[in-house]
K.L.:
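Sharing a structure, written as structure tokens. Questions coming.
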2 protein chains.
Amino acid sequence: MLLVERGQEPYAGRWALPGGFLLPDESAETAARRELAEETGLADVSGLHLEQLRTYSEPGRDPRMRVVSVAFAALLPDPPEPHAGSDAAEARWTPYDEARDLAFDHDRILADARDRVGGRLEYTCLATAFCPPEFTLGELQQVYETVWGAPLDRPNFRRKVLATPGFVEPVPGAARLTGGRGKPAALYRAGPATTLHPPLLRTSREGRPA
Amino acid sequence: MLLVERGQEPYAGRWALPGGFLLPDESAETAARRELAEETGLADVSGLHLEQLRTYSEPGRDPRMRVVSVAFAALLPDPPEPHAGSDAAEARWTPYDEARDLAFDHDRILADARDRVGGRLEYTCLATAFCPPEFTLGELQQVYETVWGAPLDRPNFRRKVLATPGFVEPVPGAARLTGGRGKPAALYRAGPATTLHPPLLRTSREGRPA
DNA sequence: CCCTTAATAGTCACTAGGACTATAAAGAGA
DNA sequence: TCTCTTTATAGTCCTAGTGACTATTAAGGG
């Protein structure tokens, strides 16, 4: 999770999700992409998947004034070192489990985000957006295991992924990733499919329903 | 679909989704519920399921000024006759397929709504929100068939629904709905479950992906 | 008194997938 | 150099879920 340390009141010194205000002539999507580029320093964020989560509009969620926030999730593999924005003291990547006690209602937003992304991993090919352009099935599986917080059986995962047409396709030339510890893994890239049929379901879905 | 005929420019005379503006101290959910009560004349909308869909913020989507809309879907069985609001010439219920050429970007919003609700029928017990407090499995099946636009096999649907713990529970006293044409159907009510495991999947999902 | 309609019960076979074992191919360490 | 460990890959077995059926029951209509 990309978090920024707030430099000003309210919640000065507390960590928060990065964000900003809409400019007069941009959509929320455009603004989110702009803020993402600013915080990460990434030159090209145009190809990144940006997913609108939901809108938070409860009065009083910002003690200063009425603020309506449209939350987005962006998924980037191998993220670069972040750059703190203007009103932030610092910015850094934090594991999900350590991102606690955030400013405003950002704990709630973060939990919703994980929920949503975890759910979309089941029914869409979203997981490849977390991977570099060429990846091994082990890396893809780690995406699922990280977001879902549960281990998966490797042979079954492999069978399922390869049996889904268009999910992944092998890199031509029988390319393999060497340098690891075990047998070199074959390299794949994202296929043309966007949805998974049938879905790749978590066996036991604990946690927040509906 | 509850549509209102616009009485003023822009799009005067065109049908549109009902909506309104946030009051200074209410959340989008509260505002949506208030607008729903105004348009439908329903006294108690507190128990209705209201689902936030997404937020539309493209500049220029309203020619008058910058408007950001948070779209919600409410599901009501046996809806009452609507009452046109202040700025609407008329209000009426319209089948989904006849709700075309709406004002603003409301065609898009409506399509997104159907998509979202159709998807949630697969994984949640949302369908019971479309039914009266006591309903037959045939009525529940019609919800799925209407939203998905495809017929379902009745015995299989029945088996699936009854095999899902907490989805529906029989009304005590072996109550049945008589007065129909065939064999009287047993009455059920919504159970405590909110999610379906495993999901009730559409066999062929055509249409808009991801 | 049939005939139609709709609900309900049950069968059969196929498939996806969970659990598991076995093999292959690399690096690490003795 | 020869294990040993690690990881990828291949394959097996079995069961729950479900699509496609057929059969039966119980109402109303002509």
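Below, all heavy atoms of this structure are taken into account, side chains as well, without hydrogens, waters or symmetry copies. In what follows, chains carry the letters A, B, and so on, assigned in the order in which the sequence lines appear, proteins first and then strands, with residues in each chain numbered from 1.
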K.L.:
Is there a side chain to side chain contact (heavy atoms under 4.5 Å, CB included) between A:H83 and A:T40 once you walk through the steps?
P.N.:
CA-CA 6 Å; A:H83 304 261; A:T40 59; over 6 Å; no
K.L.:
Check the distance between C:dA22's C1' and A:D153's CG and give it to me in whole angstrom.
P.N.:
14 Å
K.L.:
Taking CZ from B:R158 and C1' from D:dT18, how many angstroms apart are they, rounded to a whole number?
P.N.:
16 Å
K.L.:
Under the 6.0 Å and 45° cation-pi test, does B:R54 pair with B:Y56?
P.N.:
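Yes, B:R54 and B:Y56 form such a contact.
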K.L.:
Check the interface with nucleotides 22-26 of chain D: list each N/O to N/O pair with the protein under 3.5 Å, or write none.
P.N.:
none

K.L.:
A:H106 vs A:F104 aromatic rings, parallel, tilted or perpendicular, using cut-offs 30° and 60°?
P.N.:
tilted
K.L.:
Whole angstroms only, please: what is the CZ-P distance between A:R154 and C:dA19?
P.N.:
16 Å
K.L.:
Could you state the CG-C1' distance from A:L200 to C:dG18, rounded to the nearest angstrom?
P.N.:
13 Å
K.L.:
Kindly indicate whether the side chain of A:L196, heavy atoms from C-beta on, has any atom under 4.5 Å from the side chain of A:E122.
P.N.:
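No; the side chains remain at least 4.5 Å from each other.
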K.L.:
Side chains of B:R61 and B:S69: is there a donor and an acceptor less than 3.5 Å apart?
P.N.:
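Present: a donor and an acceptor within the cut-off.
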K.L.:
Classify the ring geometry between B:Y123 and A:Y123 as parallel (under 30°), tilted (30 to 60°) or perpendicular (over 60°).
P.N.:
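Rings of B:Y123 and A:Y123: parallel, under 30°.
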K.L.:
Between the protein and nucleotides 11-14 of chain C, list every N/O to N/O distance that falls short of 3.5 Å.
P.N.:
none

K.L.:
Output the rounded distance in Å from CD (A:E122) to P (C:dA16).
P.N.:
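Going from A:E122 (CD) to C:dA16 (P), I get 18 Å.
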K.L.:
Measure the distance from NZ on A:K160 to P on D:dG11 and round it to the nearest whole Å.
P.N.:
20 Å
K.L.:
What is the distance from CZ of A:F157 to P of C:dA19, rounded to the nearest Å?
P.N.:
16 Å
K.L.:
Is any side-chain heavy atom of A:Y11 less than 4.5 Å from a side-chain heavy atom of A:L102?
P.N.:
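No. Closest side-chain heavy atoms not under 4.5 Å.
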K.L.:
Are side-chain heavy atoms of A:H197 and A:T195 found at a separation under 4.5 Å?
P.N.:
yes
K.L.:
What is the separation between atom CD on B:E139 and atom C1' on C:dA7, rounded to the nearest whole Å?
P.N.:
13 Å
K.L.:
Is any side-chain heavy atom of B:P18 less than 4.5 Å from a side-chain heavy atom of B:V4?
P.N.:
yes
